[in-house]
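All ligand and atom numbering here is 1-based and tracks the order in the structure. Because only heavy atoms are used, hydrogens play no part in the values below, and waters and symmetry mates are left out as well, while side chains stay in. For clarity, every value in this text was computed on a predicted model and none was experimentally measured. One-based numbering along the sequence shown.
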Amino acid sequence: MPRKFTLEKTRNIGIMAHIDAGKTTTTERILYYTGKSHKLGEVHEGAATMDWMEQEQERGITITSAATTCEWDNHRINIIDTPGHVDFTVEVERSLRVLDGAVALFDSVAGVEPQSETVWRQADKYQVPRIAYINKMDRIGADFERGVQTMIDRLGAHPVPIQLPIGAESEFLGIIDLIEMKAVVYNDDLGKDVVVKDIPEDLLDEANQAREHLLEEVSHYDDELVEMILEDTEIPPARLVAAIRKATLSSQLTPVLCGSSFKNKGVQPLLDAVIAYLPSPLDVPPVTGLEPVRGGEDVEATRNADDSEPFSALAFKIMADPYVGKLTYFRVYSGKLEAGSRVLNVSTGKNERIGRILMMHANDREDVTEVFSGDIAAAVGIKQVVTGDTLAAPDKPIKLEAITFDDPVISVAIEPKTKSDQEKMSVALGRLAEEDPTFQVRTNEESGQTEISGMGELHLEVLVDRMMREYKVEANVGRPQVSYRETVRGTAEKVEGRHVRQTGGSGQYGIVYINIEPAPGEGFDFVNKIKGGSIPTEYIPSIEKGVEESLSNGIRAGYPVVDVRVTLVDGKFHDTDSSEIAFKIAGSLAFKEAARRAKPVLLEPVFAVEVVTPEEYMGDVIGDLNRRRGRVNGMEPRGNAQVVSAHVPLSEMFGYATDVRTMSQGRATYTMQFDKYEEVPPNIAEKVIEGRTGEPVPA
Ligand SMILES: Nc1nc2c(ncn2[C@@H]2O[C@H](COP(=O)(O)OP(=O)(O)OP(=O)(O)O)[C@@H](O)[C@H]2O)c(=O)[nH]1
């Protein structure tokens, strides 16, 4: 079966938005107009087709990113759903990795909100070309110009309107298209009665100015356009579109559109803009990766978006599906893949048979026999796979760069209610962890309890909820605990680790000397400076292993140790009594002693918190943040409210949702996101250590 759409006519896009900006509604409308969904569902009444998970409907937030395929104007658009809540940044990261372009969606009243900032920066990191859509133009307080200004102020972006709104709030009637210089007026709220006409007299001046601004901005990136402007040549719309496209693809500017998805105004022009300005798979650089070489070092290689190249794809999402089992969402970068054929999971080294290939639509799925480069689809039948694995042609493998994720910052203990729950629980947790790399499961060595950890309270809540509902596990859930870390602030030199047992039989003999020092941002670094063979090379890896094992057991409180450099400087061995195990133990002992001497400290996750509150509660909000050990960084007016931004340790933020509501009679809202690890003040560190180890706090 030949491909239905050429690569030029394919768009892989994401919609990035702050929570509640209207992403679900907009996606719904897109699916409606592209004919894949037949009724307009009001999101919070549970009819929305994208938010198919129960929890999502109840909470009204989009949690999992599913890829949805639709068609518009003879193009295929794959929409990779990206969530707006920072507890799910992993979803954002993974979708940014596989999409080629994005629609950044903003609320016309709030403008750019804090979490849009996070996502925007992530998109900068992956150099994703974007167009912006200022939604909710029908809301009271809607202000297109201010929305655009906040993109400059808060994102440092280069927004250029290619549309203007006609009216605002309840008077929002449609848009002015600055390319065609026409008015698009919606006569109803269903998006059915649309007329294109001349720009209304009273908006003509404004439209001309905006058009001039657009031409000026775009001409910075197009010399020929400058000439046309200077010579007063009429610029054909297609010529202008091409110039905007070029500047958008190189991320030099962001075209801005507007609308009201809820009132069905502006959605079709948005779809047109996706096709006009966002990249096809051919417009983004070819992927690079490493090609394994038998018996040698891997070599760098690229794969072009081309069906005749060897098959390569990235698995970006694994989902347990109640009907077909495990679904692996993947993006094909090169080549093609037939259902029933074999691929190599380059990351595991195992060959896997692809059972079925499915194209996912919002509310149905279509079996396809073949997928081509640039496609996004889901495979059934891959046994061993995790997010970020590369799938490739077995005879021409390549390993694409894996997706990187932050470590979890929060954990809870969970205890199954009965013996049969115990088994179900381990299956459920295993599956959920497979789907979500920022969700980890471990057994606490001391208590024997199962601990799960993730990126925030909500993240864990949702996962526990899914475990109970989808896998019918009954369990008691403990209170959320912060994931602390340990590190050293000082140094220690030539610290001995001695493991010597020579009481008959073959003894054990290993002595090592190490230095330890802080290594900010490096995780763990091991340096071998053994000279003159004081320890034979074959024992060095065992010493490193011994040190590494100690790292995970902590120094004072049993939390993982990070950002240290350990240098092996000297040692002693015995011809017959030395062994790998003896050196491993010596390494571990040396580390424990050295770390203890090098000013160990406890680190805690600190979150960037932004509270939006009416002026009259600002004093209370700030006072409360101070009591939570928060550092208030600034305040600024936004509309008729005040925005307070602060850094607050996660351990002090439990229950904040309720407290802030009580404090402000329900009127203040807040957002928080992980920022960095910082040292815990000594008096508090003592309490944490006591709580963890049961050791008394010194008076
Ligand atoms: N007035 C108005 N309300 C809108 C518009 N678009 C969406 N909404 C409303 O805004 C609320 C949030 O919309 P959603 O589509 O769920 O927002 P979202 O960005 O998907 O939110 P999450 O899934 O929670 O991240 C809903 O009550 C919508 O009805 C719009 O254009 N105008």
Go through the side-chain N and O atoms of N78 and N12 and say whether any donor and acceptor fall under 3.5 Å apart.
-> yes
Numbered in order shown, the ligand 1 atoms found under 4.0 Å of a heavy atom of S260 are 30 (C), 31 (O), 32 (N)
Flag yes if more than 12 heavy atoms outside E636 fall under 6.0 Å of its CD atom; otherwise flag no.
-> yes
Note: heavy atom closest to atom 6 (N) of ligand 1, options N264, I15, N135, I140, belongs to N135
M137 N/O to ligand 1 N/O under 3.5 Å | no
Can A17 be said to touch ligand 1, with heavy atoms closer than 4.0 Å?
-> no
Can you figure out which of K23, K136, R139, R29 has its heavy atom closest to atom 18 (P) of ligand 1?
-> K23
Give me the one residue out of D202, I199, V184, L203 that meets side chain to side chain contact (heavy atoms under 4.5 Å, CB included) with I166.
-> L203
Row check, W120 ring normal vs R130 NZ/CZ: under 6.0 Å, within 45° = yes
Polar contact flag, side-chain donor to acceptor under 3.5 angstrom, S261-Y133 = yes
Proximity to ligand 1 by part of H18, non-hydrogen separation under 4.0 Å = backbone
Report, in ascending order of atom number, the atoms of ligand 1 lying under 4.0 Å from any heavy atom of S261.
-> 31 (O)
Relative to ligand 1, is D138 under 4.0 angstrom through side chain, backbone, both or neither, heavy atoms considered?
-> side chain
Given Y33 and N264, is the side-chain hydrogen bond (donor to acceptor under 3.5 Å, both in side chains) satisfied, shown in steps?
-> CA-CA 10 Å; Y33 291 117; N264 299 296; 3.3 Å; yes
Starting from the C-alpha separation in whole Å, work towards a yes-or-no answer on side-chain hydrogen bond (donor to acceptor under 3.5 Å, both in side chains) for Q149 and D153.
-> CA-CA 6 Å; Q149 189 60 39; D153 298 342; 3.1 Å; yes
Give yes or no for whether the N/O distance cutoff of 3.5 Å, strictly under, is met between K263 and ligand 1.
-> no
